[in-house]
*Asks:* 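Here it is, the structure, as structure tokens.
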Amino acid sequence: MFSRSAIRTLAAPSSRLFSSSSARQTKVAVLGAGGGIGQPLSLLLKSDPLVTSLSLYDIRGAPGVAADVSHVDTASEVKGYAADHLDEALEGVEVVVIPAGVPRKPGMTRDDLFNTNASIVRDLAAAVARVAPNACVLVISNPVNSTVPIVAATLEKAGVYDPKRVFGVTTLDVVRAARFLAGVTSSSPSETPVTVVGGHSGATIVPILSQSAKGKSVSGEAYEKLVHRIQFGGDEVVQAKDGAGSATLSMAYAGAKFANAVLRGLNGEKGVTTPTFVKSPLFADQGIDFFSSNVELGPNGVEKIHPIGELSAEEKKLLEACLPELKKNIEKGKAFVA
Ligand SMILES: NC(=O)C1=CN([C@@H]2O[C@H](COP(=O)(O)OP(=O)(O)OC[C@H]3O[C@@H](n4cnc5c(N)ncnc54)[C@H](O)[C@@H]3O)[C@@H](O)[C@H]2O)C=CC1
Ligand SMILES: O=C([O-])CC(=O)C(=O)O
């Protein structure tokens, strides 16, 4: 995030994580700001030059996090909101990032979080519908394959759903894919971007390595291992944390990176394209109406959903395994709200 060169450069936010093209600035809310992801995410958003105002809400601890983060010497204003002040926290907000909810422990799947997180996400989405119905909503809370349909259905029920403005944050899969591919090809992650499509859990995570200049050279056992590591990278962290939660720091990085991409799109920057889990026509004929693929972001949120392109024989198999599981996860989310 920070440049290696000189103290002078530390005074300015780095361009590595955040790009900003011009001056339109935005009020952003983090719901779940007191948590493992919420705290570092709030810090990173405080450093994003496209954020004018940061509204931090949690049922626990948000005023403290806000007081702390507010001392960082960037231009944005920060305010914390305790439980029962959710509506105030959402006033005037254009981008809402949601990392509220429980994380996994070893032995759990993301779907095991559904019973707790579904109602948390639904209630937060209902507040967004009430107070900030035009906001872009960036959903981090797991299981993303179900929580995104829950947010969409809740907004729809309230009569304010705009499919261009609801996003599942799958950026951590993209970040991991680039990092892990760089490792196996002895490259820099800047040379190994990978498009990851599908959803955000195990077999629903489909890396398209054949479309990457470095990725297409990986084959055989190395390929199998790399795909497995990208699909199950979350488990590595859950196991290493040994009961203390799941990825928080890399997720905060990924969440801030994706929020910056959304802000750049809102700002009118052209060509901001990244995978994200959105309402998508790509597999709608198979009853799968949410899917992650490369999405161009723009002034209204989703500008263009790109097709997934040519797949290798292995990737076709991965996609075949992804679709039925993804469909089940989406239906479970929809059924919860219906
Ligand atoms: N999309 C992705 O790639 C990833 C998603 N996650 C998910 O993010 C979620 C959060 O993870 P952590 O931050 O590690 O958990 P955490 O337990 O450290 O923090 C969650 C925070 O949510 C708050 N919260 C609970 N109910 C709330 C409500 N109704 N309103 C506002 N805040 C509420 C809690 O008070 C807590 O501060 C989990 O569901 C986890 O599975 C985690 C990593 C990656
Ligand atoms: O593994 C988890 O439960 C958290 C997560 O989504 C990830 O790290 O990709």
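Order of appearance sets the numbers: ligands from 1, and atoms from 1 within every ligand.
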*Asks:* Name the closest protein heavy atom to atom 20 (C) of ligand 1, giving the residue it belongs to and the distance to 0.1 Å.
*Replies:* Gly101 O, 3.2 Å
*Asks:* Which protein non-hydrogen atom lies closest to atom 16 (P) of ligand 1, naming both residue and atom, and how far is it?
*Replies:* Gly36 N, 3.8 Å
*Asks:* Could you tell me the residue and atom name of the protein heavy atom closest to atom 3 (O) of ligand 2, and the distance to it rounded to 0.1 Å?
*Replies:* Arg104 NE, 2.6 Å
*Asks:* Verify, without hydrogens or angle tests, whether Lys214 (side chain) and Ser186 (backbone) share a donor-acceptor contact under 3.5 angstrom.
*Replies:* no
*Asks:* Quick one: look up the protein heavy atom nearest atom 6 (O) of ligand 2 and list residue, atom name and how far away it is.
*Replies:* His200 NE2, 2.6 Å
*Asks:* Whether the side chain of Glu296 engages the backbone of Lys304 through a donor-acceptor N/O pair (distance < 3.5 Å, no angle test) should be reported.
*Replies:* no
*Asks:* Ile98 and side chain to side chain contact (heavy atoms under 4.5 Å, CB included): which partner among Val137, Leu138, Ile140, Asn117?
*Replies:* Val137
*Asks:* Please say whether more than 12 non-hydrogen atoms of neighbouring residues, nucleotides or ligands are located less than 6.0 Å from NZ in Lys79.
*Replies:* no
*Asks:* Suppose I only count heavy atoms of Asn117 and a 4.0 Å limit; which atoms of ligand 1 are within that range?
*Replies:* 39 (O)
*Asks:* Quick test: of every protein heavy atom, which one is nearest to atom 7 (C) of ligand 2, and how far off is it to 0.1 Å?
*Replies:* Arg110 NH2, 3.4 Å
*Asks:* Can you confirm whether Glu236 is buried at CD, in the sense that more than 12 heavy atoms of other residues, nucleotides or ligands lie under 6.0 Å from that atom?
*Replies:* yes
*Asks:* Distance to 0.1 Å, residue and atom name: give those for the protein heavy atom nearest to atom 25 (C) of ligand 1.
*Replies:* Ile59 CD1, 3.8 Å
*Asks:* Should we count CG of Asp84 as having more than 12 external heavy atoms under 6.0 Å?
*Replies:* no
*Asks:* Which part of Leu113 is near ligand 1, with near meaning a heavy atom under 4.0 Å away: side chain, backbone, both or neither?
*Replies:* side chain
*Asks:* Under 4.0 Å from ligand 1, counting heavy atoms only, is it the side chain of Ile120, its backbone, both or neither?
*Replies:* side chain
*Asks:* Nearest heavy atom to atom 4 (C) of ligand 2: which of Ser250, Gly234, Ser246 does it belong to?
*Replies:* Ser246
*Asks:* Please state which option from Val148, Val102, Ile205 has its nearest heavy atom closest to atom 38 (C) of ligand 1.
*Replies:* Val102
*Asks:* At what distance is the nearest protein heavy atom to atom 19 (O) of ligand 1, and which residue and atom is it?
*Replies:* Gly35 CA, 3.2 Å
*Asks:* Please state whether Arg176 comes within less than 4.0 angstrom of ligand 2, counting heavy atoms only.
*Replies:* yes
*Asks:* Does the side chain of Ser280 reach to within under 4.5 Å of the side chain of Phe290, using non-hydrogen atoms?
*Replies:* no
*Asks:* Please state which part of Asn142 comes within less than 4.0 Å of ligand 1, counting heavy atoms only: side chain, backbone, both or neither.
*Replies:* both
*Asks:* Between Glu315 and Ser210, do the side chains contain an N or O donor and an N or O acceptor separated by less than 3.5 Å?
*Replies:* yes
*Asks:* Strictly under 4.0 Å, does any heavy atom of Val237 approach an atom of ligand 2?
*Replies:* no
*Asks:* Closest non-hydrogen protein atom to atom 31 (C) of ligand 1, residue and atom name please, with distance?
*Replies:* Tyr57 CE2, 3.5 Å
*Asks:* With atom 3 (O) of ligand 1 as the reference point, say which of Gln39, Arg122, His200 has the nearest heavy atom.
*Replies:* His200
*Asks:* Heavy-atom distances under 4.0 Å decide this one: backbone, side chain, both or neither, for Pro99 against ligand 1?
*Replies:* backbone
*Asks:* Can a non-hydrogen atom of Ile140 be found less than 4.0 Å from any atom of ligand 1?
*Replies:* yes
